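Just so it is clear, the model here is predicted, and its values are computed rather than measured.
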Amino acid sequence: MKLYFCDSNNQERIIAEVSNDVEAMQQINKFLDEHNYKSYYTRIWVEPNGDKWFDVGSHTEFFILKDN
């Protein structure tokens with residue numbers, strides 16, 4: 001699986017290759033730490049195509065876990 005960061009311009013870039021959701025959350029937390037961003041919650045939903053979206057509170061930037 002590949003973990004993407006989607007910025008406020010809807011530009012996606014891969015930030016990690018992971019094996020499961022736990023690894024994805026570890027990589028998300030690492031990314032947030034590196035960018036000095038404190039997340040107070042994580043909201044997760046799955047799109048009909050199977051992509052899993054992670055909202056960490058920015059309202060304009062997201063993480064996407066894709067099964068490709």
Side-chain angles (χ1 to χ4, degrees):
M1 292 186 272
K2 293 181 182 173
L3 181 65
Y4 293 82
F5 175 71
C6 180
D7 67 21
S8 58
N9 294 318
N10 288 326
Q11 297 292 318
E12 294 179 12
R13 65 181 166 107
I14 188 167
I15 60 168
E17 290 200 29
V18 298
S19 300
N20 54 47
D21 290 359
V22 172
E23 287 182 17
M25 283 304 303
Q26 290 171 340
Q27 290 298 320
I28 289 170
N29 288 327
K30 178 182 173 191
F31 183 93
L32 295 176
D33 286 344
E34 290 171 353
H35 290 85
N36 298 316
Y37 183 83
K38 176 69 175 161
S39 175
Y40 294 95
Y41 71 88
T42 302
R43 186 173 63 101
I44 303 169
W45 70 93
V46 179
E47 292 289 324
N49 67 359
D51 292 351
K52 189 175 287 190
W53 285 65
F54 298 79
D55 171 10
V56 295
S58 76
H59 304 291
T60 60
E61 298 176 326
F62 302 91
F63 296 90
I64 309 165
L65 185 60
K66 298 184 180 187
D67 204 17
N68 54 3

Novice: I need the Met1 CE to Asp67 CG distance, nearest 0.5 Å.
Specialist: 6.0 Å
Novice: With a 4.0 Å cut-off, would you call Glu12 and Lys66 a salt bridge?
Specialist: yes
Novice: Where do Asn49 and Asp51 land on the side chain to side chain donor-acceptor pair (under 3.5 Å) test, with the steps shown first?
Specialist: CA-CA 6 Å; Asn49 67 359; Asp51 292 351; 3.2 Å; yes
Novice: Under a 4.5 Å cut-off applied to non-hydrogen side-chain atoms, are Leu3 and Phe63 in contact?
Specialist: yes
Novice: Would a distance-only check, ignoring hydrogens and angles, find a side-chain to backbone donor-acceptor pair under 3.5 Å from Asn9 to Gln11?
Specialist: no
Novice: Out of curiosity, Thr42 OG1 to Leu32 CG, how far, rounded to the nearest 0.5 Å?
Specialist: 8.0 Å
Novice: Just one of Phe5, Tyr37, Tyr4 clears the ring-ring contact (aromatic ring centres under 6.0 Å, His included) bar with Phe31, so which one?
Specialist: Phe5
Novice: Enter the distance from Phe54:CZ to Ser39:OG here, rounded to the nearest 0.5 Å.
Specialist: 12.0 Å
Novice: Are Val56 and Val18 in one and the same hydrophobic cluster, where Ile, Leu, Val, Met, Phe, Trp and Tyr link if side-chain heavy atoms are under 4.5 Å apart?
Specialist: yes
Novice: Quick one: does Gln27's side chain have a donor or acceptor within less than 3.5 Å of a partner on Glu23's backbone?
Specialist: no
Novice: Would Ile28 and Met25 count as a side chain to side chain contact (heavy atoms under 4.5 Å, CB included) here? Give the steps.
Specialist: CA-CA 5 Å; Ile28 289 170; Met25 283 304 303; 4.1 Å; yes
Novice: Work out which heavy atom in Lys52 is nearest to a heavy atom in Asp21; give both atom names and the distance.
Specialist: NZ-OD2, 2.6 Å
Novice: Testing the basics here: between Cys6 and Ile64, what is the closest heavy-atom pair and its distance to 0.1 Å?
Specialist: CB-CD1, 4.0 Å
